[in-house]
Amino acid sequence: MPGESVFSSTSHLADEIAEVKKQLLLLEENEQELRSSLLEAKRQLSYYRRLVASMKKAMSPPALKRILRSL
């Protein structure tokens, strides 16, 4: 019977390791998605900062405030 116990314990550990590996892969996929989302957000932020900077040069402050409030 001790042999069965060792086999069962080893099998259980193998199952747990497989589950942890699966979770790790899922976390890595989520990390990649978050990284790409962050990069896209940074691009958008940069675009809007440049847009506001160019609007500041082209418009009077009151007109710019009206436009920014409408957004």
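Because the structure is predicted, anything quoted here is derived from the model rather than measured.
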### Query
To the nearest 0.5 Å, how far apart are NZ in K56 and CG in L68?
8.5 Å

### Query
Rounded to the nearest 0.5 Å, how far does NZ of K21 lie from CG of L25?
9.0 Å

### Query
From S60 OG over to M55 CE, what is the distance, rounded to the nearest 0.5 angstrom?
10.5 Å

### Task
Applying side chain to side chain contact (heavy atoms under 4.5 Å, CB included), run through R35 and L38 and close with a yes or a no.
CA-CA 5 Å; R35 285 180 189 267; L38 179 60; 5.6 Å; no

### Task
Consider only side-chain heavy atoms of I, L, V, M, F, W and Y, link residues closer than 4.5 Å, and tell whether Y47 and V52 are in one cluster.
yes

### Query
Is it true that the side chains of E28 and Q32 contain a donor and an acceptor less than 3.5 Å apart?
no

#### Entry: Distance in Å, R49 CZ paired with S54 OG, rounded so as to fall on 0.5 Å steps
14.5 Å

### Task
Any chance you could measure D15, atom CG, to T10, atom OG1, to the nearest 0.5 Å?
11.0 Å

### Task
Say whether R50 and S46, considering side chains only, have a donor N or O and an acceptor N or O under 3.5 Å apart.
yes

### Message
Once rounded to the nearest 0.5 Å, what's the spacing between atom CD1 of I17 and atom NZ of K22?
### Response
14.5 Å

#### Entry: Heavy-atom closest pair, residues M59 and I67
CE-CD1, 2.9 Å

### Task
Is it possible for you to say whether L34 and L39 belong to one hydrophobic cluster, with membership spreading through side-chain heavy-atom contacts below 4.5 Å?
no

### Query
Got L26 and E29 here, is their nearest side-chain heavy-atom distance under 4.5 Å?
yes

